[in-house]
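Note on naming: letters A, B, ... go to the chains in the order of the sequence lines (proteins, then strands), and numbering restarts at 1 for each one.
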There are 2 protein chains.
Amino acid sequence: MIHETDAADIPALAAELRTALLRAARRLRVERSDEEISAGQLSVLGFLHREGPSTPRAIAAFERVRPPSLTRTLTALQDLGLVERVAHPHDGRQVLIALTGAGHAAVTLTRSRRDAWLAQVLSGFSPVERTALATALDVLRRIADS
Amino acid sequence: MIHETDAADIPALAAELRTALLRAARRLRVERSDEEISAGQLSVLGFLHREGPSTPRAIAAFERVRPPSLTRTLTALQDLGLVERVAHPHDGRQVLIALTGAGHAAVTLTRSRRDAWLAQVLSGFSPVERTALATALDVLRRIADS
DNA sequence: TATTGTTATACTCTATAACTATA
DNA sequence: TATAGTTATAGAGTATAACAATA
């Protein structure tokens, strides 16, 4: 267990982080329970919820997937009635993806259910640990973006 | 951005953590570069490196995958000559998975290369952030185990 | 009967390459 | 020509169900 880090520990920290990250993500992905929305789909819905209507390209860049992969996700979400494709006002090549009313509702609802167990786990941690986790959030984001 | 947490922030923290975790894990999985060993395979090798010979069941439990999924991984690793299946001394049903010499070497070698970019990213962080990350490691492990 | 591991099979997510429409 | 998005196709990773061997 590492609780202090200096330069020499960075490779060890990297190795441990990689394993812990993969295992935690796997655990998270399994927690879709009985619901029909996948973790990736929910992430896209959340992005649209925060950012408003966006182009597939912008969403794909944020999600770190290739455009064809996102097309699939969007088609699935559209079939569920959660997003809609609307024409871009100025550029005929582009498409704007927007949440439908059901999409907005789904974000709130699914999140509250999906995050329930995670919030439960987090509530078992000490305030110090949660604060550390909040700081680590930024680190995780920068890892994703690097 | 959340930097302080109290009880009311836990659901928000959970939602942000889920997204950040999934994106970071996706980034990590992509970073196999030119090498032939996948992130999941390396994780298994690392487990055997730490723990010594183990049964498929124990490995699957730690990796949070089902036994048939692990069988696939083990077959791939065996085909690469990195692990071997040896008979269990007392129980004919069980199998012990052990690293070969090449397997031990692969862990060290692949890790140093694979984690190079992650270590590079981590080295760009402040000591405070790395300490927070180390603490968050424990949290990630407990999430994976819950 | 219960347990360990594997085989058979299928689903999800992701990618690259090729295509269409628009700029 | 260059860009945005989609379609076609394939590969990796995972799961459930059924099976064989052993306890």
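Ser38(B) has a side-chain polar atom (N or O) that falls below the 4.0 Å cut-off from OP1 or OP2 of dG13(D). OP1 or OP2 of dT4(C) has at least one side-chain nitrogen or oxygen of Arg57(B) nearer than 4.0 Å. The shortest distance between the side-chain N/O atoms of Arg85(B) and the OP1/OP2 oxygens of dT6(C) is below 4.0 Å.
No donor-acceptor contact under 3.5 Å links the side chain of Arg26(B) to the base of dT14(C). On a pure distance criterion of 3.5 Å, a polar donor-acceptor pair joins the side chain of Ser69(A) and the base of dA15(C).
Mapping Gln94(A) and Thr73(B) onto DNA chain D by nearest heavy atom places Gln94(A) at the nucleotide closer to the 5' end. Between Arg72(B) and Pro68(B), the residue whose closest nucleotide on DNA chain C is further toward the 5' end is Pro68(B).
As rounded to whole Å, 15 Å separates atom P of dG5(C) from atom CD of Glu63(B). For Arg27(A) and dA15(D), the CZ to P distance is 12 Å, given to the nearest whole Å. Computed from coordinates, the Leu74(B) CG to dT4(C) C1' distance equals 13 Å when rounded to whole Å. When rounded to the nearest whole Å, the span between CZ of Arg66(A) and C1' of dA18(C) equals 16 Å. As a whole-Å value, the separation of Leu22(B) CG from dT12(C) P is 18 Å. In this entry the distance linking NE2 of His88(B) with C1' of dT3(C) reads 13 Å, nearest Å. Going from atom CG of Leu28(A) over to atom P of dT12(C) covers 19 Å, rounded to whole Å. One atom, CG of Leu70(A), and another, P of dC13(C), lie 12 Å apart when rounded to the nearest Å.
More than 12 heavy atoms of other residues, nucleotides or ligands shown are found within 6.0 angstrom of CZ on Arg85(B). Other residues, nucleotides and ligands contribute over 12 non-hydrogen atoms within 6.0 Å of the CZ atom of Arg50(B).
Across the helix from dT1(C)-dA23(D) to dA23(C)-dT1(D), the helix axis at one end is tilted relative to the axis at the other end by 10° (nearest 10 degrees, each axis from five pairs).
Across all strands, Thr75(B) comes closer than 4.0 Å to no nucleic acid atom at all (heavy-atom distances). Nucleic acid contact for Pro67(A): base, since at least one base atom lies under 4.0 Å from a heavy atom of the residue.
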Report each atom pair, protein N/O against N/O of nucleotides 19-23 of chain C, whose distance is under 3.5 angstrom.
| from | atom 1 | to | atom 2 | distance (Å) |
| --- | --- | --- | --- | --- |
| dT22(C) | O3' | Gly92(A) | N | 3.4 |
| dA23(C) | OP1 | Gly92(A) | N | 2.9 |
| dA23(C) | O4' | Arg93(A) | NE | 3.4 |

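Among the nucleotides dT14(C), dG5(D), dG5(C), the one closest to any side-chain atom of Pro56(B) is dG5(C).
In plain terms, the two heavy atoms of Ala14(A) and Ala119(B) that are nearest each other are CB-N, 4.0 Å.
For the residue pair Thr135(A)/Glu129(B), the side-chain donor-acceptor check at 3.5 Å is not satisfied. Side-chain contact of Glu51(A) with Ser54(A): a donor-acceptor pair under 3.5 Å is absent, judged by distance alone.
In this structure, Arg57(A) is not positioned above the aromatic face of Phe62(A) in the sense of NZ or CZ being under 6.0 Å from the six-membered ring centre and within 45° of the axis.
Rounding to the nearest 0.5 Å gives a distance of 8.0 Å between CZ of Arg113(A) and CD1 of Ile37(A). Separation of atoms CD1 (Ile10(A)) and CG (Leu118(B)) is listed at 10.0 Å; rounding is to 0.5 Å.
Of the charged side-chain nitrogens involved, at least one lies within less than 4.0 Å of a carboxylate oxygen, so that Asp138(B) and Arg141(B) count as a salt-bridged pair.
Thr100(B) places a side-chain N or O within donor-acceptor distance of the main-chain N or O of Leu82(B), the cut-off being under 3.5 Å.
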